[in-house]
Engineer: 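The following block contains the structure, expressed as structure tokens.
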Amino acid sequence: MKCFFHRCCECLRCCGRRDPRPRTVWLGHPEKRDQRYPRNVINNQKYNFFTFLPGVLFNQFKYFFNLYFLLLACSQFVVEMRLGALYTYWVPLGFVLAVTVIREATEEIRCYMRDKEVNSQIYSKLTARGTVVGVVLYTGRELRSVMNTSNPRSKIGLFDLEVNCLTKILFGALVVVSLVMVALQHFAGRWYLQIIRFLLLFSNIIPISLRVNLDMGKIVYSWVIRRDSKIPGTVVRSSTIPEQLGRISYLLTDKTGTLTQNEMVFKRLHLGTVAYGLDSMDEVQSHIFSIYTQQSQDPPAVKGLNLATKVRKTMSSRVHEAVKAIALCHNVTPVYESNGVTDQAEAERHYEDSCRVYQASSPDEVALVQWTESVGLTLVGRDQSSVQLRTPGGHILNFTILQIFPFTYESKRMGIIVRDESTGEITFYMKGADVVMAGIVQYNDWLEEECGNMAREGLRVLVVAKKSLTEEQYQDFEARYVQAKLSVHDRSLKVATVIESLEMEMELLCLTGVEDQLQTDVRPTLETLRNAGIKVWMLTGDKLETATCTAKNAHLVTRTQDIHIFRLVTNRGEAHLELNAFRRKHDCALVISGDSLEMCLKYYECEFMELACQCPAVVCCRCAPTQKAQIVRLLQERTGKLTCAVGDGGNDVSMIQEADCGVGVEGKEGKQASLAADFSITQFKHLGRLLMVHGRNSYKRSAALSQFVIHRSLCISTMQAVFSSVFYFASVPLYQGFLIIGYSTIYTMFPVFSLVLDKDVKSEVAMLYPELYKDLLKGRPLSYKTFLIWVLISIYQGSIIMYGALLLFESEFVHIVAISFTSLILTELLMVALTIQTWHWLMIVAELLSLSCYIASLVFLHEFIDVYFIATLSFLWKVTVITLVSCLPLYVLKYLRRRFSPPSYSKLTS
């Protein structure tokens, strides 16, 4: 045992643990435990109780945007720099931070509750007979599956980085304007203090409300996704990156349980000269029935002799041998449960069919045993030492398990030695992958060809063989086997050598073909993604043939596309030659194994990624979890495009966490992937609507919202610049106190924020024409070009409003404030109406509510606005003229543009 534990420590050392120590496991003596080990729980939280607030604040203030406003608010404690009341700076900043903290706290609490629910679940029930002793060596974060994953991280969306970049440009503009103002004063007096005052005066150029509007918009998008009845069960676990869904260029998906259902169906039994498919399984059933009918009619004394001495086997006996081998060689245990009519004990005693459930570590195994039941040979009982089968006539066949050799990823096969209690015959049965079984079975001329044919149909192929042993042969084997297991040095090697002494010249019985059925609507979903300009890469641990067939079956690779299967390479020279051969291919899908991929990335990373990214589809088979994450990372680094990873199992977590957008599918492999993902769906087909509708809408809405908030702030900053220029470049604010806060809150906040409900096309149109999604991959909704257009619009409108107010005012300064501020509010409301493409009733309510709030508040704004003046006809016509001049030309330009250069979506809605 000590040797075993030392090896465990070596394993820990390889995985990066520090100072490993021998682990002594005390059975039945918990008081003697001298070491504490990690709890066996999953934890997908980004923070804990102590790191939450510092972590959230750090993630906020690492943005230039938020750091700028913190410094701005702090500067108001210096009397020489103060331009207004402290609350005008600290209240907006506090509100922004409060919204962020509440959102992050809500997500962390939800994540904690989900983890707690999963950790408290009882996954399995031990029902095997006899005594079971379990030894747990590694738990929690020391598990291999956990070591293969990275810690949860806060993902920052590309959209947020672009907005952060735009705020830096605005800050540059702010500095330039401030310097120009001071320069026009000829740097008189304490000019350096004037620069700071102008920086504060024009601080509205960078809108503090931008961050809170975008964050609240993300919350709305997440709520809409969760409430979508067409993708039920979808959960948004990270509400910070919904816009990412609208700009995905590469989709990396697992196969088993993601593209397929992980529900195995037995499809083919091949005996070499004859094959049985789903439409001919009744023939197999009739062969089994005839064998046991014939046996029941023969005298018991000669039954075994008659079967054993036949020189030429009949087809029925060949089918029978194959089915019996499949029914015996597995790790499946039948479990009986109460069904409300029959209790568990009675069901187990009478082998009640309606109460029986098969349990196994692999769904493939269950599919094989269920198939033998369907053709007449039923597994009804199993424990550590025996197996019971029931014949079509109800007779129970008893077999003693002498030895069992479990399946491992290294051996790729499993075996079992059983003794037939009725005849005393000892038989060694084995099944495994064709690559290893080909060298174990007797020579034949059909194994390799038929395995290839079945794999091309998308079937998982197993080769089944047997070998009869005499009592003397088995006793000799057992003696050597026991001795090998007692060896202190090289025990595993010696045990494998003894087992291999039996694995020679075995009789080939049959091939089995099991199909993992595709998920619902996988083909149309993949076609939609392809038409949207998204390249799909399939990363799977399955064998090359099966992965290739699934890719064809799911139409990941179209019928007209060629497939280049990357030959297995083991050194740099072979990799170089194969890459040259691949370079000569054009517009073909690539299929490559994990070993070859590792070799290419080791020596020719840049060249390989350049060629692979040009392929319409890529299939990577025999991929380890760390390789999946590595591929995602390389795609991000080499292409600069956004990636989305989709998976359903624990081995997909590292890939999901590495991707810009991780999507987990709740499948039969548990919830580990869905809990670690940013978005969780119940079926792969929901991914199409998640990207084409919600991703597209989220990105376009946030782009419109951000640019409008910037426009709103640039308008009032332009007015301030004009005002200061006219009045001898004085650093005096145009609007003070509640006016400046109310402008970006109650007066314009609701209409501007209502843009999160806007949409250019209906969801049905977005799904029908995925090409609309392709337009977003160029990032046009939020680009330097669109940003510049909105800057010019803001400068135009701000200048018109301010110069108009200056030209039309009479004698009082407060009249300038009244005319300009009212025109500014009306202009913003009209600009929202100009921007909206599809009206929602809440948008109309927001417009009317904001206008009503402004009119009602005029009564309380006598400190800033002459209440008697705004009731005059002079005020009304001046405001109307200024508002029309600022907005009407833009309406005309919009009409002309839509008339002569309509966007792609307008052609579909007309």
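Bear in mind the structure is a predicted one, so any value in this text is a computation, not a measurement.
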Engineer: Short question: side chain of Glu828, backbone of Leu824 - any donor-acceptor pair under 3.5 Å?
Structural biologist: no
Engineer: Does atom OH of Tyr891 have more than 12 heavy-atom neighbours, drawn from other residues, nucleotides or ligands, at distances under 6.0 Å?
Structural biologist: yes
Engineer: Assess the residue pair Ser857 and Tyr747 against the criterion (side-chain contact (heavy atoms from CB on, under 4.5 Å)); give the C-alpha distance rounded to whole Å, side-chain angles, the decisive distance to 0.1 Å, and a yes or no.
Structural biologist: CA-CA 10 Å; Ser857 66; Tyr747 297 151; 2.7 Å; yes
Engineer: What residues, two or more places apart in sequence or in another chain, satisfy side chain to side chain contact (heavy atoms under 4.5 Å, CB included) together with Leu807?
Structural biologist: none
Engineer: Suppose we screen for side chain to side chain contact (heavy atoms under 4.5 Å, CB included). Which residues come up paired with Phe61, at least two apart in sequence or across chains?
Structural biologist: Leu57, Asn66, Leu70, Leu97
Engineer: Measure across Glu243 and Ser698 and return the closest heavy-atom pair with its distance rounded to 0.1 Å.
Structural biologist: CG-O, 3.7 Å
Engineer: Can you tell if the side chain of Ser680 reaches within under 4.5 Å of the side chain of Arg237, non-hydrogen atoms only?
Structural biologist: yes
Engineer: Around atom CZ of Arg780, are there more than 12 heavy atoms of other residues, nucleotides or ligands at under 6.0 Å?
Structural biologist: no
Engineer: Given the rule in the side-chain contact (heavy atoms from CB on, under 4.5 Å) test, do Thr234 and Asp228 qualify, once you have shown the distances and angles that lead to the verdict?
Structural biologist: CA-CA 8 Å; Thr234 300; Asp228 191 343; over 6 Å; no
Engineer: Does Thr827 use its side chain to pair, donor to acceptor, with the backbone of Ser823 at less than 3.5 Å?
Structural biologist: yes
Engineer: What are the two closest heavy atoms between Ser744 and Ser209, and how far apart are they?
Structural biologist: CB-OG, 4.4 Å
Engineer: One pair to check against side-chain contact (heavy atoms from CB on, under 4.5 Å): Tyr769 and Val761. What are the steps and the verdict?
Structural biologist: CA-CA 10 Å; Tyr769 298 99; Val761 295; over 6 Å; no
Engineer: Looking only at heavy atoms, which two atoms of Leu705 and Asn213 are closest? And how far apart?
Structural biologist: CD2-O, 3.5 Å
Engineer: In the structure I gave you, are the side-chain heavy atoms of Val817 and Tyr735 within less than 4.5 Å of one another anywhere?
Structural biologist: yes
Engineer: Below 3.5 Å, can you tabulate the donor-acceptor pairs from side chains in residues 156-168 to any protein atom, sequence neighbours excluded?
Structural biologist:
residue : atom : partner : partner atom : Å
Asp160  : OD1  : Arg211  : NH2          : 2.9
Asp160  : OD1  : Lys218  : NZ           : 3.4
Asp160  : OD2  : Lys218  : NZ           : 3.3
Glu162  : OE1  : Arg247  : NH1          : 3.0
Glu162  : OE2  : Arg247  : NH1          : 3.3
Glu162  : OE2  : Arg247  : NH2          : 2.9
Asn164  : OD1  : Phe64   : N            : 3.3
Asn164  : OD1  : Phe65   : N            : 3.4
Thr167  : OG1  : Asn164  : O            : 2.5

Engineer: Taking all non-hydrogen atoms of both residues, which atom of Leu829 and which atom of Pro751 are closest, and how far apart?
Structural biologist: CD2-CG, 3.5 Å
Engineer: How long is the span from the CD1 atom in Ile795 to the NE2 atom in His711, to the nearest 0.5 Å?
Structural biologist: 10.5 Å
Engineer: Would you list the atom pairs, donor with acceptor, under 3.5 Å between side chains in residues 171-178 and any protein atom, with sequence neighbours excluded?
Structural biologist:
residue : atom : partner : partner atom : Å
Ser178  : OG   : Leu174  : O            : 2.9
Ser178  : OG   : Leu199  : N            : 3.4

Engineer: Heavy atoms, side chains only, cut-off 4.5 Å: are His694 and Pro242 in contact?
Structural biologist: no
Engineer: So does Ile206 get a backbone contact from the side chain of Ser713, meaning a donor-acceptor N/O pair under 3.5 Å?
Structural biologist: no
Engineer: First locate atom CE of Met719, then atom OG of Ser724, and finally report the distance between them rounded to the nearest 0.5 Å.
Structural biologist: 12.0 Å
Engineer: May I ask you to decide if Gly695's main-chain N or O and Tyr773's side chain share a donor-acceptor pair within less than 3.5 Å?
Structural biologist: no
Engineer: Once rounded to the nearest 0.5 Å, what's the spacing between atom CG of Leu201 and atom OG of Ser717?
Structural biologist: 9.0 Å
Engineer: Kindly indicate whether the side chain of Gln797, heavy atoms from C-beta on, has any atom under 4.5 Å from the side chain of Cys887.
Structural biologist: yes
Engineer: Could you label the plane-to-plane angle of the Phe821 and Tyr854 rings as parallel, tilted or perpendicular, counting under 30° as parallel and over 60° as perpendicular?
Structural biologist: tilted
Engineer: Could you tell me which non-hydrogen atom of Cys661 sits nearest to which non-hydrogen atom of Ile241, and how far apart they are?
Structural biologist: CA-CD1, 4.5 Å
Engineer: What pairs of residues pass the salt bridge (Lys or Arg N to Asp or Glu O under 4.0 Å) test when at least one of them lies in residues 93-104, not counting sequence neighbours?
Structural biologist: Lys46-Glu104, Arg103-Asp215
Engineer: Does Trp839 CH2 have over 12 foreign heavy atoms under 6.0 Å away?
Structural biologist: yes
Engineer: For Lys759, is there any backbone N or O sitting under 3.5 Å from a side-chain donor or acceptor partner on Thr838?
Structural biologist: yes
Engineer: Set out, in order, the CA-CA distance, both residues' side-chain angles and the distance that settles side-chain contact (heavy atoms from CB on, under 4.5 Å) for Asp660 and Gln636, then state yes or no.
Structural biologist: CA-CA 8 Å; Asp660 297 296; Gln636 293 168 338; 3.3 Å; yes
Engineer: Taking atom CD1 of Ile534 and atom CG of Leu251, what is their separation to the nearest 0.5 Å?
Structural biologist: 6.5 Å
Engineer: Do other residues, nucleotides or ligands put more than 12 heavy atoms under 6.0 Å from Phe77 CZ?
Structural biologist: yes
Engineer: Please report the interatomic distance CG(Asp760) to CD1(Ile836), rounded to the nearest 0.5 Å.
Structural biologist: 13.5 Å
Engineer: Keeping Arg701 on the side-chain end and Asp758 on the backbone end, is there a donor-acceptor pair under 3.5 Å?
Structural biologist: yes
Engineer: Check side chain to side chain contact (heavy atoms under 4.5 Å, CB included) between Ser203 and all other residues, then give those that pass, not counting sequence neighbours.
Structural biologist: Tyr68, Leu72, Tyr89
Engineer: Distance from Leu884 atom CG to Ile800 atom CD1, nearest 0.5 Å?
Structural biologist: 12.0 Å
Engineer: Checking the side chain of Trp90 only, and the main-chain atoms of Ala73 only, is there a donor and an acceptor separated by less than 3.5 Å?
Structural biologist: yes
Engineer: State whether the side chain of Thr786 and the backbone N or O of Ser783 hold a donor-acceptor pair below 3.5 Å, judged by distance alone.
Structural biologist: yes
Engineer: Would the distance check show the side chain of Tyr250 and the main-chain N or O of Thr639 forming a donor-acceptor pair, the cut-off being under 3.5 Å?
Structural biologist: no
Engineer: Tell me, do Leu777 and Lys641 make a side-chain contact under 4.5 Å, heavy atoms counted?
Structural biologist: no
Engineer: Is there side-chain contact between Leu245 and Leu690, with heavy atoms separated by less than 4.5 Å?
Structural biologist: yes
Engineer: For Phe52, is the CZ atom crowded, meaning more than 12 foreign heavy atoms sit under 6.0 Å from it?
Structural biologist: yes
Engineer: Return yes if some donor-acceptor pair links the side-chain N/O of Tyr743 with the main-chain N/O of Arg712 below 3.5 Å, else return no.
Structural biologist: yes
